[in-house]
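Quick notes on the structure that follows.
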Amino acid sequence: MHQVKMFKSVDTEMADMEHQINRWMRKSGARVISITGNIAGSPNMSGGPLSSFAASDVFVIVLYEIDAPQKA
């Protein structure tokens, strides 16, 4: 049975999010099918001199598989 797990963070904390995802995969024993991600630019990112300091949202979707519940 397919399941979805979502993770959200900001680009300045990507290493923490990677650790969180990897820890979840190890602990859950999930059989990962695919991982998809997206970085959404901040509305303040207009290409100005301060735009490199604006954090962007990072969204990761993990599609995984688990065994279907046994019918009694």
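Quick note: residue numbers are just sequence positions, from 1.
In this view, Asp11 and Met14, Ala55, Ser56, Val58 satisfy the side chain to side chain contact (heavy atoms under 4.5 Å, CB included) rule, not counting sequence neighbours.
Contact check for Val62 versus Val4: no side-chain heavy atoms found under the 4.5 Å cut-off. Under the 4.5 Å side-chain criterion, counting only non-hydrogen atoms from C-beta, His2 is not in contact with Tyr64.
Note that the CD1 atom of Ile66 and the CE atom of Met1 stand 6.0 Å from one another [nearest 0.5 Å]. Rounding to the nearest 0.5 Å gives a distance of 13.0 Å between NZ of Lys5 and CD1 of Ile61.
Shown here for Lys8 and Met17, the closest heavy-atom pair between the two residues is C-SD, 4.1 Å.
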Show me, pair by pair, the donor-acceptor contacts under 3.5 angstrom made by side chains of residues 25-38, not counting sequence neighbours?
residue	atom	partner	partner atom	Å
Ser28	OG	Trp24	O	2.9
Ser28	OG	Ala30	N	3.1
Arg31	NH2	Asp67	OD1	3.0

Steps toward side-chain contact (heavy atoms from CB on, under 4.5 Å) verdict (Asp57, Ile39): CA-CA 6 Å; Asp57 290 332; Ile39 298 178; over 6 Å; no
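The hydrophobic side chain of Val10 is isolated, with no ILVMFWY side chain under 4.5 Å apart from it.
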